[in-house]
Amino acid sequence: MTTTTLPQASALGESMFPRSGYSRAISAEFGEIDQRLRALERQLERVGRRSAASAAQAAEGVGETVASALNGMAERLRGGANSMRDEAAKIGSDAAKLGNDALRRLSSEVEHRPLVTLAVAVGVGLLVGLASQRRAGRPDRR
């Protein structure tokens with residue numbers, strides 16, 4: 001029976017801590033875990049790129065939707081403004097017609113009854129004069 005010392009064992013190719021089957025299995029497990037982690041990283045990178053592209057498309061879609069809604073609101077406001085403009089023009093036209101009718105009636109009354117018209121004008125003038133004289137005599141109450 002021969003016994004070998006440590007330096008002799010190294011020289012023969014034997015190690016001081018021989019590698020057991022258990023340590024080789026752990027090493028293989030670590031290698032497999034490392035490969036799976038790298039595959040997962042690659043998948044996450046692909047998903048991240050797709051998510052970024054999807055987010056950009058979603059943002060663009062939201063922008064288009066908001067722009068469309070704002071355009072619709074602007075069109076409705078323009079339509080309302082046009083409607084108001086048309087209504088104001090109609091009211092102005094009606095007011096002009098009423099003014100012309102009143103002027104024609106006044107002109108007709110002056111032609112047919114000049115003295116009555118003159119008396120009414122003098123009476124209105126006196127009333128306005130008296131009203132303004134009363135106001136001038138009163139102090140301001142503020």
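Below, all heavy atoms of this structure are taken into account, side chains as well, without hydrogens, waters or symmetry copies. Everything numeric in this text was worked out from a predicted model, so none of it was measured. Numbers here are sequence positions counted from 1.
Considering CG of Asn100 and CZ of Arg105, their distance stands at 12.0 Å, rounded to 0.5 Å. Atom CD of Glu64 and atom CG of Asn71 lie 11.5 Å apart (nearest 0.5 Å). From Asn82, atom CG reaches atom CG of Leu77 across 11.0 Å, with rounding to the nearest 0.5 Å.
Under a 3.5 Å cut-off, the side chain of Ser132 and the backbone N or O of Val128 do form a donor-acceptor pair. Of the possible donor and acceptor atoms, none in the side chain of Ser93 sits under 3.5 Å from a partner among the backbone N and O of Ala89.
Under the salt bridge (Lys or Arg N to Asp or Glu O under 4.0 Å) criterion, no residue pair touches residues 84-97, with sequence neighbours excluded. The side chain to side chain donor-acceptor pair (under 3.5 Å) contacts involving residues 32-44 comprise Glu32-Arg36, Asp34-Arg38, where partners must be two or more places apart or lie in separate chains.
Taking the side-chain contact (heavy atoms from CB on, under 4.5 Å) definition, one finds that Leu103 meets it with nothing, sequence neighbours left out.
Across Ser108, Pro114, Ser107, a single residue satisfies side chain to side chain contact (heavy atoms under 4.5 Å, CB included) together with Glu111, and that is Ser107.
Within a 6.0 Å sphere centred on CG of Leu115, heavy atoms belonging to other residues, nucleotides or ligands number 12 at most.
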